[in-house]
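Worksheet for the structure shown next.
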Amino acid sequence: MQSFSQKVYAVVSKIPRGKVFTYAEVAKLAGNPKAARAVGNILNNNRNPKVFCHRVIRSDGSVGGFAFGNSKKIKILRSEGVNIQNGKVIR
DNA sequence: AGGGTGACCCGCT
DNA sequence: CAGCGGGCCACCC
């Protein structure tokens, strides 16, 4: 049985390298476009190391938050090939 | 069963 | 353009 959190994990895990998904996008793909908040809650409470949580950003392009440090998140994203300027992701 | 929290989003001022 | 508030959903205690 796939709970919303499980779906979120599945979607996030499917994020290809060098690409970034917004919480709203993940929530929508998970089945609830308005559950962006729930996505953040799930990742925050679980912050599963097996999930590419660093590839999930806000709709504004901000990295949002990261359990290991948002700076680290930005660094990782840049390594992935994502364009980041002034702490914001340019996709 | 109810209340509280959170890495959010949208709208208004 | 920037800042503030309200509302949405899911999970935990």
Side-chain angles (χ1 to χ4, degrees):
Chain A
M1 180 55 185
Q2 298 249 329
S3 296
F4 186 74
S5 52
Q6 296 297 313
K7 282 192 175 182
V8 172
Y9 287 128
V11 175
V12 176
S13 297
K14 289 176 177 95
I15 299 177
R17 175 174 168 279
K19 213 162 184 154
V20 291
F21 272 73
T22 63
Y23 292 99
E25 288 293 293
V26 175
K28 187 189 288 193
L29 293 172
N32 294 315
K34 294 186 176 88
R37 220 170 183 190
V39 176
N41 179 17
I42 293 159
L43 293 175
N44 179 28
N45 278 285
N46 290 276
R47 62 182 182 204
N48 220 318
K50 298 182 184 303
V51 184
F52 306 98
C53 36
H54 58 268
R55 288 190 194 156
V56 186
I57 59 169
R58 287 182 32 169
S59 310
D60 305 284
S62 313
V63 297
F66 193 51
F68 293 89
N70 67 322
S71 304
K72 191 85 174 180
K73 184 171 182 176
I74 294 169
K75 204 172 181 179
I76 296 168
L77 287 171
R78 283 172 82 195
S79 293
E80 295 287 308
V82 181
N83 298 328
I84 300 180
Q85 298 204 358
N86 198 10
K88 304 234 170 157
V89 181
I90 315 281
R91 41 167 187 151

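Order of the sequence lines sets the chain letters (A, B, ...), proteins ahead of strands, with each chain counted from 1. Please read all numbers here as calculations on a predicted model, not as lab measurements.
Among the heavy atoms of the strands, none lies under 4.0 Å from A:Thr22. Here A:Tyr23 lies in heavy-atom contact (under 4.0 Å) with a base.
As a whole-Å value, the separation of A:Asn48 CG from B:dA7 C1' is 15 Å. Nucleotide B:dC8 holds its C1' atom 11 Å from the CG atom of A:Asn41, rounded to whole Å. Distance CG (A:Asn44) to P (C:dA10): 17 Å, rounded to an integer number of Å. As a whole-Å value, the separation of A:Arg58 CZ from B:dG6 C1' is 12 Å. Nucleotide C:dA10 holds its C1' atom 11 Å from the CG atom of A:Asn46, rounded to whole Å. Counting to the nearest Å, the C1' atom of B:dC9 and the CD atom of A:Glu25 are 12 Å from each other. In this entry the distance linking CG of A:Asp60 with P of C:dA2 reads 12 Å, nearest Å. Atom C1' of nucleotide C:dC9 and atom CG of A:Asn45 are separated by 14 Å, given to the nearest angstrom.
Considering only side-chain atoms of A:Ala38, the nucleotide from C:dC11, B:dC8, C:dC9 that sits closest is C:dC9. The side chain of A:Ala24 approaches B:dC9 more closely than any other nucleotide in the set B:dC9, B:dG6, C:dC11. In the set C:dC11, B:dC8, C:dC9, the nucleotide with an atom closest to the side chain of A:Ala35 is C:dC9.
Of the options A:Ile76, A:Asn70, A:Ile74, a side chain to side chain contact (heavy atoms under 4.5 Å, CB included) to A:Lys72 is made by A:Ile76 and by none of the others.
A heavy-atom distance below 4.5 Å is found between the side chains of A:Val8 and A:Phe4. Using a 4.5 Å heavy-atom threshold, the side chains of A:Phe21 and A:Pro16 count as touching.
Proximity of A:Ser5 to the phosphate of C:dC11: a side-chain N or O atom is located under 4.0 Å from OP1 or OP2.
Ring orientation note: the planes of A:His54 and A:Phe52 are nearly perpendicular, at an angle over 60° on the 30°/60° scale.
Although no hydrogens or angles enter the test, the distance criterion places a donor-acceptor pair under 3.5 Å between the side chain of A:Lys73 and the main chain of A:Gly65.
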